[in-house]
Protein chains: 2
Amino acid sequence: MLTIGKLGKAAGVKVPTIRYYEQIGLLPEPERSAGNQRLYGQSALDRLAFIRHARELGFPLEAIRDLLSLSDKPDQSCAAADVIAKKHLTAVKARIARLTALKAELERMITQCAQGTVADCRVIEVLSDHSRGAQDHRTSGAAE
Amino acid sequence: MLTIGKLGKAAGVKVPTIRYYEQIGLLPEPERSAGNQRLYGQSALDRLAFIRHARELGFPLEAIRDLLSLSDKPDQSCAAADVIAKKHLTAVKARIARLTALKAELERMITQCAQGTVADCRVIEVLSDHSRGAQDHRTSGAAE
DNA sequence: GTAAGATCTCTAGTAGCTATAGCTTCAAGA
DNA sequence: TCTTGAAGCTATAGCTACTAGAGATCTTAC
């Protein structure tokens with residue numbers, strides 16, 4: 001049996017966050033010790049690790065709630081999980097594209113900044129590029 | 001001169017968000033019409049486009065505030081902007097790595113889900129993989 | 001037995017918006 | 001010129017996903 005601190009360490013989640021997850025019903029109410037402290041078993045650790053992993057990957061708590069409810073009744077169709085995964089995949093792809101573009105921009109910025117003052121630094125220009133022949137950035141960028 | 005709605009459309013930012021930015025001091029208070037409505041010029045559009053672009057790329061508002069203050073005094077050294085950009089670049093790289101891993105996982109999930117029920121669907125397993133030889137995922141994943 | 005550290009509950013604060021209520025102003029058509 | 005409907009105004013409250021405090025209690029190691 002794990003105390004909340006041990007559980008948090010094992011799953012990589014902060015203690016108040018665990019209590020928060022319990023409060024909003026993502027984690028079931030655990031057993032308590034004689035002195036009223038929470039005690040967790042392996043299944044709580046699994047569940048929390050799942051939540052943390054999904055959160056890290058950008059799933060909102062509501063999607064996680066859905067996925068957990070699926071795992072709670074594993075003999076049902078996979079269609080719902082599939083829908084969630086597909087929806088998220090689209091968002092993930094868009095995010096990767098944007099972040100990759102940003103990475104290039106940041107690298108360019110840093111290179112250029114290394115050689116001058118703000119006057120000839122492109123940081124600001126790069127990030128407000130709408131006015132210099134890149135009016136079309138919305139076509140590729142605003143897909144969210 | 002643009003009304004707030006036109007400005008929002010031009011920059012791709014919602015009207016309440018513009019007012020929010022003004023409230024927290026990211027945008028200067030604009031002129032007003034005789035009837036007390038906000039009126040914006042080109043510089044406000046530039047500034048807002050910059051903010052939106054930076055937000056889209058994941059810069060927190062405080063970093064944007066810093067960058068804007070730099071652009072307001074463009075004859076100073078670029079070092080500060082460089083620091084901000086570098087710090088952000090590290091975070092961006094980590095994010096891309098995580099999202100790329102997620103993309104693979106989601107794609108695998110969807111493929112597998114297409115062929116069965118939740119009973120043999122890996123959605124939950126994939127996302128709580130700590131117990132199957134991937135305990136070290138924290139080493140590569142929790143860098144934020 | 002005592003002292004440090006972990007846990008308890010509860011409340012309030014954070015970022016970055018978003019929504020609502022109830023009002024006024026503006027632009028376009030009849 | 002009147003009117004009507006969209007767009008604007010202020011102010012406040014709500015949202016997600018936590019995070020931080022206060023002040024009390026429990027557990028554990030010496």
Side-chain angles (χ1 to χ4, degrees), chain A residues 1-27 29-40 44 47-68 84 87-88 91 95 98 142 144, chain B residues 1-27 29-40 44 47-48 50-68 84 87-88 91 95 98 127 142 144:
Chain A
M1 282 298 179
L2 300 164
T3 60
I4 196 169
K6 303 273 168 62
L7 178 72
K9 214 155 262 178
V13 174
K14 284 174 192 161
V15 167
T17 305
I18 297 173
R19 289 196 278 250
Y20 169 72
Y21 287 162
E22 178 184 328
Q23 189 191 305
I24 63 170
L26 266 193
L27 290 175
E29 293 188 15
E31 286 179 59
R32 297 283 182 138
S33 73
N36 198 37
Q37 301 196 345
R38 289 168 180 82
L39 291 177
Y40 298 92
R47 202 175 172 93
L48 185 57
F50 168 80
I51 296 170
R52 180 210 141 195
H53 198 76
R55 280 297 299 144
E56 226 168 54
L57 296 176
F59 282 89
L61 290 182
E62 278 319 296
I64 295 171
R65 199 188 291 274
D66 288 352
L67 287 168
L68 282 170
I84 294 169
K87 194 178 141 195
H88 204 66
R95 269 186 166 181
R98 280 218 311 244
E144 215 183 50
Chain B
M1 280 300 178
L2 299 163
T3 61
I4 196 168
K6 303 273 168 62
L7 177 72
K9 215 155 260 178
V13 174
K14 284 175 192 160
V15 167
T17 305
I18 297 173
R19 289 197 276 248
Y20 170 72
Y21 288 162
E22 179 185 327
Q23 189 191 307
I24 63 169
L26 265 193
L27 289 176
E29 293 188 16
E31 286 179 57
R32 297 284 183 139
S33 73
N36 198 37
Q37 302 196 345
R38 291 170 179 81
L39 291 177
Y40 298 92
R47 201 175 173 97
L48 185 56
F50 169 79
I51 295 171
R52 180 211 141 195
H53 197 75
R55 280 299 299 144
E56 225 168 54
L57 296 174
F59 282 88
L61 290 182
E62 278 319 295
I64 295 172
R65 200 188 291 273
D66 289 352
L67 287 169
L68 281 170
I84 294 168
K87 193 178 143 196
H88 203 65
R95 270 187 166 180
R98 281 214 314 237
L127 284 183
E144 217 183 50

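As the structure is a prediction and not an experimental result, all values here were calculated from the model. For the numbers below, each heavy atom of this structure counts, side chains included, while hydrogens, waters and symmetry mates do not. Order of the sequence lines fixes the chain letters, A, B, ..., with proteins taken first and strands second; residue numbering starts at 1 for each chain.
With DNA chain D read from its 5' end, the first of the two nearest nucleotides for G5(B) and Q23(B) is the one closest to G5(B). With the nearest nucleotide of DNA chain D identified for both L61(A) and R19(B), R19(B) has the one nearer the 5' end.
Between the P atom of dT7(C) and the CZ atom of R32(A) lies a distance of 12 Å, rounded to the nearest Å. The distance between atom CD1 of I18(B) and atom C1' of dT10(D), rounded to the nearest whole Å, is 16 Å. Spacing between atom CG of L39(A) and atom C1' of dC8(C) amounts to 13 Å, rounded to whole angstrom units. When the C1' atom of dT10(D) is taken as reference, atom CD of E29(B) falls 13 Å away, rounded to whole Å. Per the geometry, CD belonging to E22(A) stands 15 Å off P belonging to dC18(D), to the nearest Å. If you take CD1 of I51(A) and C1' of dT16(D), they are 15 Å apart, rounded to a whole angstrom. Look at CG on L7(A): it is 11 Å from P on dC8(C), rounded to the nearest Å. Remark: C1' of dG8(D) and NZ of K9(B) are 13 Å apart, rounded to the nearest angstrom.
Taking the side chain as every heavy atom from C-beta outward, R38(B) and R32(B) approach each other to under 4.5 Å. With contacts defined as side-chain heavy-atom distances shorter than 4.5 Å, the pair M1(B)/S33(B) does not qualify.
Shortest non-hydrogen contact noted between L7(B) and A44(B) is CD1-C, 4.4 Å.
Atom OG1 of T3(B) sits about 7.5 Å away from atom CG of L39(B), to the nearest 0.5 Å. The distance from atom CD1 of I64(A) to atom CZ of R47(A), rounded to the nearest 0.5 Å, is 11.0 Å.
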Exercise. Could you walk me through whether Y21(A) and R55(A) pass the side chain to side chain contact (heavy atoms under 4.5 Å, CB included) test, one step at a time?
Key: CA-CA 12 Å; Y21(A) 287 162; R55(A) 280 297 299 144; 3.7 Å; yes
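For the OP1/OP2 pair of dA17(D) and a distance below 4.0 Å, the side-chain nitrogens and oxygens of Y21(A) include no atom meeting the criterion. For R55(A) and dT16(D), the shortest distance from a side-chain N or O to OP1 or OP2 is not below 4.0 Å.
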Under 3.5 Å donor-acceptor pairs involving side-chain atoms of residues 12-20 of chain A, not counting sequence neighbours:
none

Quiz prompt | Contact letters for nucleotides 19-30 of chain D, in which S counts primed atoms plus P, OP1 and OP2 and B counts the base, heavy atoms under 4.0 Å | solution = S------SS---
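Residue contacts shown for R38(A) are limited to sugar-phosphate atoms, with no base heavy atom under 4.0 Å away.
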